[in-house]
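These notes concern the structure reproduced below.
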2 protein chains.
Amino acid sequence: MGLREPFDDAGECGLPSALEAIGERWSFLILRGAFNGLHHFEEFQSALGIARNILANRLGRLVEHGILTRTPLADDRRKIEYRLTEKGAELLPVVVGLRQWGERWGIGIPSTPVLVDKRDEQPIRPIRITAHDKRELGLADLCWKQAADIRPLEEPVRAAIAA
Amino acid sequence: MGLREPFDDAGECGLPSALEAIGERWSFLILRGAFNGLHHFEEFQSALGIARNILANRLGRLVEHGILTRTPLADDRRKIEYRLTEKGAELLPVVVGLRQWGERWGIGIPSTPVLVDKRDEQPIRPIRITAHDKRELGLADLCWKQAADIRPLEEPVRAAIAA
DNA sequence: ATTAATCAGTTGCGGATTGCTACTTAATAT
DNA sequence: ATATTAAGTAGCAATCCGCAACTGATTAAT
């Protein structure tokens, strides 16, 4: 087993803080809705079938955590617009990765519509762990290392990668 | 009662079925433990500080969903070994992605130790969405498309990518 | 101007889930 | 024979979730 994180630090990772922000019931689905272009309370409510009080609570929490912004619209001040922040938008790989996993291993999901690259309209590649040179890595290829013990890449190598 | 149902009919993607399996409180942290080499009930319990009944419930659920296997050890039959299946192991990109996000956006997390490629001991690349040719894509580069409307790549192109 | 409709919530309540602690059961160690 | 360990269960309080009905502030219709 190559993959074992030293015990001392096992509790010291970003997961708990991530889960505090989006680890509750419905939060992932609300995020998916946001990525799909939902912006209003009633849109989320009818698209997800979530209870109104829970939705209000989750939207509030996502706003508190800086994942969504909440702005009343100028031309109709009843309407509130929820929008992803940059912080929120960077959850897309996780949401998509979880979705891909569910599609791959869940019970018969047809998987449409599909996320595609705008440029060529081809489906995105499955979310994977990759090395600095973009090789795809599996569990067996990985291990933990103290940040201080990592040797920086040689300059020419880095240049080649950047290109 | 069908309290799991709301997730299932909340949309036509794999997210609900993924959340059904691992969307509950603690499941992600139990998975992280499994990826870090924890294999036994008491190990999870003391590493995570989770209540015993909840842990039993979550482990059982992960086993039910084929994410972990549960095998009594031959040389000490009190001991039960929990191990990731292939299905479970394929959650690593999601767990790592969420962790990276938490490290990036959470409150001051030093981020050590770090996951590295065994081959050259260089840190893994951040989890990203990539195009079929491995270009990294952001929100602005993406759109949804009906699966039926996607034109397959030309044969020579596919061959080049596979290589 | 008055009334109706819409949007974004909030409230109250019953049932479900979670967390804590103590207990149990089976296998091993002394 | 007794103690200890591993892996759970059981009971109970506190919290969370889901449903339906209600409020309050705009905006639309008559």
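Letters go in sequence order (proteins before strands), and every chain restarts at 1. None of the values given here were measured: they were computed from a predicted structure.
- A pairwise comparison of heavy atoms in B:Arg77 and B:Ala74 identifies CG-O, 3.9 Å as the closest pair.
- Across all strands shown, B:Tyr82 has heavy atoms under 4.0 Å from sugar-phosphate atoms exclusively, and none from any base.
- Closest contact between the side chain of B:Glu42 and the listed nucleotides D:dA7, D:dT26, D:dT4 involves D:dA7.
- Side-chain N/O atoms of B:Arg70 include one lying less than 4.0 angstrom from OP1 or OP2 on D:dG8.
- In this structure, B:Leu48 atom CG and D:dA7 atom P are separated by 14 Å, rounded to whole Å.
- We find that CZ of B:Phe44 is positioned 10 Å from P of D:dA7, with the value rounded to whole Å.
- Proximity of B:His40 to the phosphate of D:dA6: no side-chain N or O atom is located under 4.0 Å from OP1 or OP2.
- One finds no side-chain N or O of B:Arg77 lying less than 4.0 angstrom from the OP1 or OP2 phosphate oxygen of D:dA7.
- Regarding A:Asp75, its CG atom lies at a distance of 14 Å from the P atom of D:dT26, rounded to whole Å.
- Residues from residues 49-58 of chain B placing a heavy atom under 4.0 Å of any atom in DNA chain D, listed by number, are B:Arg52, B:Asn53, B:Ala56.
- Without hydrogens or angle criteria, A:Asn36 side chain to A:Arg32 main chain gives a donor-acceptor distance under 3.5 Å.
- A:Glu43 has its CD atom 13 Å from the P atom of C:dG9, to the nearest Å.
- For the pair B:Leu91/A:Leu98, a side-chain contact is recorded, criterion being any heavy-atom separation below 4.5 Å from C-beta on.
- Residue B:Leu68 contributes atom CG, which lies 16 Å from atom C1' of D:dG8 at whole-angstrom precision.
- The residue among A:Leu73 and B:Glu81 whose nearest nucleotide of DNA chain D is located toward the 5' end is B:Glu81.
- Residue B:Leu38 comes nearest to B:Phe44 through the heavy atom pair O-CZ, 3.6 Å, listed as atom of the first residue, atom of the second, then distance.
- For residues 134-143 of chain A, every residue pair satisfying the side-chain hydrogen bond (donor to acceptor under 3.5 Å, both in side chains) rule, not counting sequence neighbours, is listed here: A:Arg125-A:Glu136, A:Arg128-A:Glu136, A:Asp133-A:Arg135, A:Arg135-B:Asp117.
- Note on ring orientation: taking the six-membered ring where Trp is involved, the planes of B:Phe28 and A:Phe28 are parallel (angle under 30°, cut-offs 30° and 60°).
- Side-chain to base pairing of A:Arg78 with C:dT6: one donor and one acceptor N or O lie within less than 3.5 Å of each other.
- Under a cut-off of 6.0 angstrom, the local environment of NZ in B:Lys79 is sparse, with at most 12 non-hydrogen atoms contributed by other residues, nucleotides or ligands.
- Computed from coordinates, the B:Glu24 CD to C:dT18 P distance equals 6 Å when rounded to whole Å.
- Ranking D:dG8, C:dG19, D:dA6 by closeness to the B:Trp26 side chain, first place goes to C:dG19.
- We find that CG of A:Leu59 is positioned 11 Å from P of C:dT10, with the value rounded to whole Å.
- Atom CZ of A:Arg61 is separated from atom C1' of D:dT15 by 13 Å (rounded to the nearest Å).
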